[in-house]
Amino acid sequence: RPISHYQAFKEGLLVDILNPLALVFFLAIFSSSIPPNSDYHLKFFYWAEIVVIGSLWFIGVSLVLANPMVREVFQVTLGRIVNPLISCIL
């Protein structure tokens with residue numbers, strides 16, 4: 001069923017925010033690389049960097065997969081290879 005761009009954005013944002021693996025990953029990175037007594041400016045810089053890089057990544061993936069030809073190649077050709085491979089790895 002087709003959904004609006006806003007609905008797709010909202011669902012994607014909720015999935016990303018509620019992902020416990022991402023939360024654990026960033027907590028591990030922050031706790032090992034940022035000293036507890038560091039300046040708030042440094043902490044804000046790290047947070048802003050993660051937000052910008054993450055946003056650019058998701059926007060880029062969305063734009064690439066929004067192309068019908070790319071999406072079809074990914075689903076038909078790569079889907080047959082990537083899905084079983086990832087299933088075996090997991």
Side-chain angles (χ1 to χ4, degrees):
R1 77 179 162 90
I3 60 174
S4 69
H5 293 296
Y6 175 72
Q7 184 66 26
F9 174 77
K10 192 168 71 171
E11 287 180 18
L13 183 65
L14 280 174
V15 166
D16 194 43
I17 288 173
L18 298 175
N19 182 357
L21 183 61
L23 178 65
V24 169
F25 173 76
F26 287 118
L27 283 175
I29 294 295
F30 280 144
S31 65
S32 65
S33 62
I34 301 175
N37 58 352
S38 64
D39 187 23
Y40 285 109
H41 293 94
L42 179 65
K43 291 177 184 178
F44 177 78
F45 173 76
Y46 280 128
W47 173 82
E49 182 181 23
I50 287 173
V51 168
V52 168
I53 291 172
S55 297
L56 289 174
W57 167 254
F58 285 117
I59 289 169
V61 169
S62 299
L63 290 175
V64 168
L65 292 179
N67 183 331
M69 195 163 74
V70 172
R71 189 172 50 241
E72 185 173 331
V73 167
F74 181 75
Q75 288 174 340
V76 173
T77 307
L78 295 178
R80 292 183 185 159
I81 298 168
V82 172
N83 285 341
L85 181 65
I86 296 297
S87 298
C88 289
I89 292 171
L90 293 176

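No experiment lies behind these values; they were computed from the predicted model shown.
Members clustered with L63: I59, by chain and number, using a 4.5 Å side-chain heavy-atom cutoff among hydrophobic residues. Summarising the hydrophobic clusters (Ile, Leu, Val, Met, Phe, Trp, Tyr; side-chain heavy atoms under 4.5 Å, direct or chained), the residues clustered with L85 are I89. In this structure, L56 belongs to a hydrophobic cluster whose other members, linked by side-chain heavy atoms under 4.5 Å apart, are V52.
Taking V24 as the reference, nothing meets the side chain to side chain contact (heavy atoms under 4.5 Å, CB included) condition, with sequence neighbours excluded. For Y6, there are no ring pair (Phe, Tyr, Trp, His ring centres under 6.0 Å) partners, not counting sequence neighbours.
Note on residues 29-42: pairs passing side-chain hydrogen bond (donor to acceptor under 3.5 Å, both in side chains), not counting sequence neighbours, are D39-H41. Applying the side-chain hydrogen bond (donor to acceptor under 3.5 Å, both in side chains) definition to pairs two or more places apart or across chains, those involving residues 8-26 are Q7-E11. Each side-chain hydrogen bond (donor to acceptor under 3.5 Å, both in side chains) pair with one or both residues in residues 45-67, not counting sequence neighbours, would appear here, but there are none.
F58 is not connected to L13 by any chain of hydrophobic side-chain contacts under 4.5 Å among Ile, Leu, Val, Met, Phe, Trp and Tyr, and they are in different clusters. If you chain together hydrophobic residues whose side chains sit under 4.5 Å apart, L18 and L21 never meet in one group. F45 and V51 fall into different hydrophobic clusters, defined by Ile, Leu, Val, Met, Phe, Trp and Tyr side-chain heavy atoms under 4.5 Å apart, directly or through other members.
To the nearest 0.5 angstrom, I86 atom CD1 is 12.0 Å from I81 atom CD1.
Scanning both residues, L65 and R71, for their nearest heavy atoms gives O-NH1, 3.0 Å.
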